[in-house]
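Only a predicted model underlies this, so the values are computations on that prediction, with no experimental measurement involved.
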Amino acid sequence: MKETIVDLIAEFFAGTHPAVGLPSRIPMSVPKDTTHGDLSSNICMMTAKAAGLPPRDLASELAAWLNGRLEGKATAEIAGPGFLNFRLAQEQVQGILRRILDAGREFGKSDHGAGKTINLEFVSANPTGPPVVVSARAAAFGSALARLLQCAGYSVTSEYYLNDAGAQVRALGGSLRARVRELAGDPLELPENGYHGLYLVDMARTLVAEAAESITAWDALPEEEALVGYAQWAVQMIQVQIKREMERFRAPFDVWFSEKELHASGKVLAVLELFEAKGLIYEADGARWFRSSDFGDEKDRVVIRSDGRPTYFLADAAYHLDKLERGFTKAINVLGPDHHGHIARMQAIATAIGAPAGWLEILLLQWVTLVENGEAVAMSKRAGEFVTMADLVEDVGVDVARTYFLTRRRDSHLEFDLTLAREQSSKSRVFYAQYATARIAGVTRKAVEAGLSIEFGPDLDLSRLDGPEELALIKFLEQFPAAIISAADAREPNRLFNYLVDTATCFHKFYHECQVVTEDVGLSQARLALTRATAQVLANGLDHLGVEAPERM
RNA sequence: GCGCCCGUAGCUCAGUUGGAUAGAGCAGCGGACUUCUAAUCCGCAGGUCACAGGUUCGAAUCCUGUCGGGCGUGCCA
């Protein structure tokens, strides 16, 4: 319907105002105020000047032209300063429900992405400790975005970059060794930049209990290799834990990409050669530098330290080259708030490795402040004071935690009030939407008992759905695919969540006004079909966000 | 200093890429269960969209500046 109106408008302008340049997409939106009709366009206000007419005059000309041509019994009218509002006839709205029922489980999917391939990297926290709360935000955001993009027709690879090489990992190895020796009775001597977290004590106990012979073997090695031994064992342990927690949080990954293997494969030095060949490397102060300032970064960056070791930055360049070579049409990186200084240099990398403009898209998440009993909870991984992702999930549950993150915009600094989440978890917005799915399941059980059919074939008479709550709900459901595309394209899963909550509102109102299972079999059957379509939208939508849609609460 | 993000109701946050009277939840007040789940619904109250300019038919949204808060600015990752 929307498309045909847009086409008609284009036809009108081509015929009567050929000189007017139309925008690439003629705006057509669903007004938030339902008294403004079912669809609305501001095209006349945009083109009035070029057409040499006051907006309302142009609108009335267009409305008159359209009213003979719109399909069905749809109407166009002028409103306000020059809006054009369209109203659908009742049968057209009922036809929408028919299409939703026919689409069934597929409703919401589209080929909008046209098979484009996206690499979506998120979380990628260092495997030097258990995932913390910011990682939970990233996990919720990334996994939801991955699902949304898939639903919108993109082919998505979810990826976790494991920084299992480098100085922080060595510090982890040293910290673990210190804890092992502490268990043996030595005084605790954590290395500089070491990790103070008590999780390393537990890990040391496990190591002593299960692999004491490794300790003996490592300690016989030269210092550097000994640390590597400890570090790799620790990383391995933590990595397993990260995977387990991500899965429990419904954030699965397709690929776990190891920085260590990137070094081992020679790809890190290969990208250095590529940059050298392009004349982007020079020496200064004993180190080798990459000319990232040529690409808009504020300064050049070291890629090979004066001691000969490559930097994290160089490995990152190799990593992105690898992604490019794997053929993704786009790479999206979800980064934590402390990484905004990296954007310019990462874009410099993308350009230098020959990626097309816009290939690398960086999404920054903002901080999560944990609040408990009215006070901010201090968090520092190195100092060993933090609330882990596992603590959070244990505390409030996966659904509430994901909802907390997914109802907020990614760039809002959000406050996660643990006390509130605990005390009032039953008031979380997620329960509002879930309650709707549970209610529908309850109605369905009741309907089956009453002998109604849960098959909604083409002979079903939907014309009985003529009440305002019923029609409003149908119109709301229709927006589901558009809500997914909008959320996917804007990289804002929160839009879908908001849509689902609004859908639940619409449903609760309908539920309050309209008894589904009644003596009137025809009406009951039609209303049951409407609840089925609603359940489909809610369940599909919640599933994309990684939230459960329970049948009982 | 320079750079990035944020500033919307008492609190936590939305606001469909510039639209019509700025919205929800919580907290407060008042209504609705003999009914398919009241974890719901209906109503009242609550605002200088940080501030000042600018762009235009039209700005919470875009541009500039100011003030606040957060973060970054390593041969750490």
Side-chain angles (χ1 to χ4, degrees), chain A residues 27 29-33 35-36 40 42 45-46 48-49 54-55 79-83 85 124-126 128 163 165-169 171 193 259 284-289 298-299 301-307 309 311-313 315-316 336-344 364-367 369 371 404 407-417 420 424 426-429 431-432 434-436 438-447 449-450 479 482-483 486-487 489-490 492 494-495 497-499 501-502 504-505 507-509 511-518 524 527-528 531 552-553:
Chain A
S29 58
V30 179
K32 51 187 166 187
D33 185 340
T35 64
H36 294 143
S40 179
N42 58 354
M45 283 138 84
M46 297 175 73
K49 194 174 274 180
F83 288 100
N85 295 339
S124 296
N126 290 340
T128 52
N163 303 129
Q168 295 202 9
V169 172
N193 294 326
E259 182 188 355
D285 305 327
R288 307 180 77 184
W289 299 70
E298 61 188 21
K299 55 179 269 198
R301 306 288 168 179
V302 171
V303 286
I304 301 289
R305 299 180 178 86
S306 43
D307 65 5
R309 286 165 31 238
T311 59
Y312 167 83
F313 178 65
D316 213 25
D338 47 343
H339 284 71
H340 67 247
H342 292 232
I343 295 177
L364 228 49
L365 291 176
Q366 271 306 332
W367 289 102
T369 311
V371 176
Y404 221 109
T407 49
R408 268 71 166 185
R409 294 168 53 86
R410 65 167 185 273
D411 53 6
S412 70
H413 301 65
L414 75 84
E415 208 164 276
F416 201 121
D417 191 323
L420 209 66
Q424 307 188 326
S426 68
K427 287 170 184 164
S428 161
R429 296 313 288 157
F431 288 89
Y432 183 81
Q434 290 181 323
Y435 186 49
R439 268 185 156 175
I440 292 171
V443 169
T444 307
R445 286 190 292 268
K446 176 89 177 177
E449 276 172 33
Q479 297 180 52
S486 155
D489 279 353
E492 289 184 2
N494 61 301
R495 289 195 191 183
F497 216 118
N498 292 334
Y499 165 79
V501 168
D502 289 346
T505 299
F507 169 76
H508 286 310
K509 285 181 184 179
Y511 182 89
H512 195 257
E513 286 304 316
C514 306
Q515 178 86 15
V516 175
V517 182
T518 65
S524 301
R527 285 181 172 170
L528 190 60
T531 66
R552 289 176 202 272
M553 286 175 77

[M] and [N], which share atom name [atom1], separated by this distance in whole Å:
{"N": "B/rG19", "M": "B/rC13", "atom1": "P", "result": "24 Å"}
{"N": "B/rA38", "M": "B/rG31", "atom1": "C1'", "result": "13 Å"}
{"N": "B/rC71", "M": "B/rA32", "atom1": "C1'", "result": "49 Å"}
{"N": "B/rC41", "M": "B/rC26", "atom1": "P", "result": "9 Å"}
{"N": "B/rG68", "M": "B/rA50", "atom1": "P", "result": "16 Å"}
{"N": "B/rU61", "M": "B/rG15", "atom1": "C1'", "result": "9 Å"}
{"N": "B/rA60", "M": "B/rG23", "atom1": "C1'", "result": "12 Å"}
{"N": "B/rA9", "M": "B/rC44", "atom1": "C1'", "result": "15 Å"}

Check this one for me: any side-chain N or O of [X] less than 4.0 Å away from OP1 or OP2 of [N]?
{"X": "A/Tyr511", "N": "B/rC33", "value": "no"}
{"X": "A/Tyr312", "N": "B/rA77", "value": "no"}
{"X": "A/Arg429", "N": "B/rA39", "value": "no"}
{"X": "A/Asn494", "N": "B/rG15", "value": "yes"}
{"X": "A/Lys32", "N": "B/rG15", "value": "no"}
{"X": "A/Arg408", "N": "B/rA24", "value": "no"}
{"X": "A/Arg527", "N": "B/rC36", "value": "no"}
{"X": "A/Arg409", "N": "B/rG15", "value": "yes"}
{"X": "A/Lys509", "N": "B/rC42", "value": "yes"}
{"X": "A/Lys299", "N": "B/rC75", "value": "yes"}
{"X": "A/Ser412", "N": "B/rA14", "value": "yes"}

Write down the distance between [atom1] ([X]) and [atom2] ([N]), rounded to a whole number of angstrom.
{"X": "A/His339", "N": "B/rG74", "atom1": "NE2", "atom2": "C1'", "value": "13 Å"}
{"X": "A/Arg309", "N": "B/rA77", "atom1": "CZ", "atom2": "C1'", "value": "12 Å"}
{"X": "A/Asp338", "N": "B/rG70", "atom1": "CG", "atom2": "P", "value": "16 Å"}
{"X": "A/Phe416", "N": "B/rC11", "atom1": "CZ", "atom2": "P", "value": "20 Å"}

*Taking atom types as modelled, find out whether A/Ser486 and A/Arg495 have a side-chain donor-acceptor pair closer than 3.5 angstrom.*
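Distance-only check passes for A/Ser486 and A/Arg495.
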_Centroid distance below 5.5 Å plus an interplanar angle below 30 degrees: do A/Phe83 and B/rG19 meet both conditions?_
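A stacking contact does not exist, since A/Phe83 is not both close and nearly parallel to the base ring of B/rG19.
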_Under 5.5 Å and under 30°: A/His413 stacked on B/rG70_ =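 Here the ring of A/His413 and the base of B/rG70 are not stacked, as the 5.5 Å and 30° limits are not both satisfied.
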Please classify the nucleic acid contact of [X] as base, sugar-phosphate, or nothing, using heavy-atom distances under 4.0 Å.
{"X": "A/Ser29", "result": "nothing"}
{"X": "A/Glu298", "result": "sugar-phosphate"}
{"X": "A/Ala48", "result": "nothing"}
{"X": "A/Ala490", "result": "base"}
{"X": "A/Asn42", "result": "base"}
{"X": "A/Gln515", "result": "base"}
{"X": "A/Gly166", "result": "nothing"}

*5'-most contact on RNA chain B: A/Lys49 or A/Thr35, nearest heavy atom basis?*
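Here A/Thr35 is the residue nearer the 5' end.
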*Residue whose nearest RNA chain B nucleotide is more 5′ - A/Thr444 or A/His508*: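 This one resolves to A/Thr444.
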*Give me the ring orientation class for A/Phe416 and A/Tyr404: parallel if the planes are under 30° apart, tilted from 30 to 60°, perpendicular past 60°.*
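Ring orientation, 0 to 90° scale: parallel.
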*asked:* Please classify the glycosidic conformation of B/rU17 as syn (within 90° of 0) or anti (everything else).
replied: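 Syn, since the glycosidic angle lies within 90° of 0.
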*asked:* Give me syn or anti for B/rC62, where syn covers glycosidic angles within 90 degrees of 0.
replied: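 You should classify B/rC62 as anti.
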So does [Y] get a backbone contact from the side chain of [X], meaning a donor-acceptor N/O pair under 3.5 Å?
{"X": "A/Thr518", "Y": "A/Ser524", "value": "no"}
{"X": "A/Arg409", "Y": "A/Asn494", "value": "no"}
{"X": "A/His508", "Y": "A/Tyr435", "value": "no"}
{"X": "A/Asp285", "Y": "A/Ala287", "value": "no"}
{"X": "A/Thr531", "Y": "A/Ile440", "value": "no"}

Look through every strand shown and name the nucleotide pairing with [N] as Watson-Crick or G-U wobble, where both distances are under 3.5 Å.
{"N": "B/rG1", "value": "B/rU73"}
{"N": "B/rU35", "value": "none"}
{"N": "B/rA50", "value": "B/rU66"}
{"N": "B/rC11", "value": "B/rG25"}
{"N": "B/rU61", "value": "none"}
{"N": "B/rA20", "value": "none"}

_With a 4.0 Å cut-off on N to O distance, would you call A/Asp307 and A/Arg309 a salt bridge?_
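Looking at A/Arg309 together with A/Asp307, the answer is yes, because their closest N to O distance falls below 4.0 Å.
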*Applying side chain to side chain contact (heavy atoms under 4.5 Å, CB included), run through A/Arg439 and A/Tyr511 and close with a yes or a no.*
CA-CA 9 Å; A/Arg439 268 185 156 175; A/Tyr511 182 89; 3.3 Å; yes
